[in-house]
Protein chains: 2
Amino acid sequence: MYMPKRAPIAAPSSPVDDAPGDMADGAADEVVTAVLTASRLLVAVSARSLASAEDTLTLPQFRMLVVLDSRGAMNISRLGEHLDVIPSTAMRMVDRLAAADMVDRKPNPTNRREIFISLTDAGRRVVHEATERRRAEIARIVGTMSPDQRAGLVATLQAFTEAGGEPLAHGPRTDVGW
Amino acid sequence: MYMPKRAPIAAPSSPVDDAPGDMADGAADEVVTAVLTASRLLVAVSARSLASAEDTLTLPQFRMLVVLDSRGAMNISRLGEHLDVIPSTAMRMVDRLAAADMVDRKPNPTNRREIFISLTDAGRRVVHEATERRRAEIARIVGTMSPDQRAGLVATLQAFTEAGGEPLAHGPRTDVGW
DNA sequence: AATCCCATATTGCATAATGCAAACATGGTG
DNA sequence: CACCATGTTTGCATTATGCAATATGGGATT
């Protein structure tokens, strides 16, 4: 297997003045790089653990199953909202997961417009197993951090996400890239 | 534009015993969720700022241009390593960026095997402009954090990434999903 | 020199995810 | 009923990606 070294992606250093009276120029880049580099590691580890079984899942698929597992059955539009994708995207994902017998489509008798998507038994089993596999992998990494570090990391990241505030808008594709 | 609310993706709560004498069960999930949620925000913001111009870029394309800008011309295999993708993937990305006149292919006279990829003037301009746009967007978010928080976040994330250690292996696709 | 192996680039193949637009059905409201 | 909002579905186009196979060139060994 191809095993390249990891290289942090720094933003091009531009000799531009700092933003007017706000913060040092490099601060934003630094945070972006740190977060995205960490997330690439996490995504790689997750993808590996999700793929290391009989029923392999992609990360988006895993996310969909997790949503269904934790929030219960719902229609495609709602499902898409939870995943921050438009309905047609959720649609195709459901197509594939249904083909793999992980989810079911059940028309809602009282509202013939909508279709409820629910986990099959197989889907539930798979998502639980995948979760365990991933948990084990991640624990190996997180285990090297002190509880203080862990707590601080989570708290700060949540603050950061909170600061972002704005709901994830659509338009530019975000599957493609980090 | 579709504007769904952001929902943190929690791992399915499984009533399983904690890993034998290591750490609380939820710790790994908590960190994963925090990092991936933050990164989704960041990716969305980045994608938006990269797309908000005449010459739009995807995030992977932006990363490629940044590598070329900061490390100079190199062959396709090397380029792929910097981006953690196999050569054929780097190949197609170069195809597209070359079609958009952002990069050049120049055969190496002294080694007819390899082709050197370099930024065109347009490519350099675009990557610098894109960087500025993104920097401005991110600064708005990062600006709400105290310098202490920022520093702590970066330090902790770097520690985390360090702890991950292992180079990003290939196999399961990682474009698909976070 | 002939051989053999490794590094490179390149292309065919397949797949997932994604957004957008359009078509179509259903539910409510005025 | 006329209209509009809500949902599902499909056609279309694109990007990124890995894998396998092919072709070419560099070097080293015999």
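So that the names make sense, note that chain A is the first sequence line, chain B the second, and so on, each numbered from 1.
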Rounding to an integer number of Å, can you tell me how far [X] [atom1] sits from [N] [atom2]?
X       : N      : atom1 : atom2 : result
A:Leu79 : D:dT8  : CG    : P     : 10 Å
B:Asn75 : D:dG25 : CG    : P     : 16 Å
A:Leu59 : C:dT18 : CG    : P     : 10 Å
B:Ile86 : C:dT11 : CD1   : P     : 15 Å
B:Arg63 : D:dA16 : CZ    : C1'   : 12 Å
A:Asp95 : D:dG11 : CG    : P     : 11 Å
B:Leu97 : D:dT14 : CG    : C1'   : 14 Å
B:Ile76 : D:dA23 : CD1   : P     : 19 Å

Report the nucleotide, chosen from [options], that has the shortest atom-to-atom distance to any side-chain atom of [X].
X       : options               : value
A:Gln61 : C:dA9, D:dT15, C:dA16 : C:dA16
B:Pro60 : C:dA9, C:dT8, D:dT17  : D:dT17
B:Val85 : D:dA16, D:dT8, D:dG18 : D:dG18

Review point. Is there a donor on the side chain of B:Arg92 or the base of C:dG12 sitting less than 3.5 Å from an acceptor on the other?
Key: yes

Practice item. With the side chain counted from C-beta on, respond yes when A:Val154 and A:Leu157 share a heavy-atom pair under 4.5 Å apart, and no when they do not. Key: no

Check your understanding: When the nearest nucleotide of DNA chain C is assigned to A:Thr89 and to B:Ser88 on a heavy-atom basis, which residue is associated with the more 5' position?
Key -> B:Ser88

Review point. Hey, can you pull the residues of residues 102-120 of chain A with a non-hydrogen atom under 4.0 angstrom from DNA chain D?
Key: A:Arg105, A:Arg113, A:Glu114, A:Ile115

Which atom pair, heavy atoms only, marks the closest approach of [X] to [Y]?
X        : Y        : result
B:Ala159 : A:Gln149 : CB-NE2, 4.1 Å
B:Leu68  : B:Ile117 : CD2-O, 3.5 Å
B:Leu57  : B:Ala130 : CD1-CB, 4.3 Å

Point to revise | Sidechain N-carboxylate O distance under 4.0 Å for A:Glu137, A:Arg134 | key: no

Check your understanding: Is any NZ, NE, NH1 or NH2 atom of the basic residue among A:Asp84 and A:Arg63 found under 4.0 Å from an Asp or Glu carboxylate oxygen of the other?
Key -> no

Check your understanding: Does B:Thr58 have a side-chain nitrogen or oxygen under 4.0 Å from the phosphate oxygens OP1 or OP2 of D:dA16?
Key -> yes

Exercise for review: List for me each residue that meets salt bridge (Lys or Arg N to Asp or Glu O under 4.0 Å) alongside B:Arg133, sequence neighbours excluded, and say none if there are none.
Suggested key: none

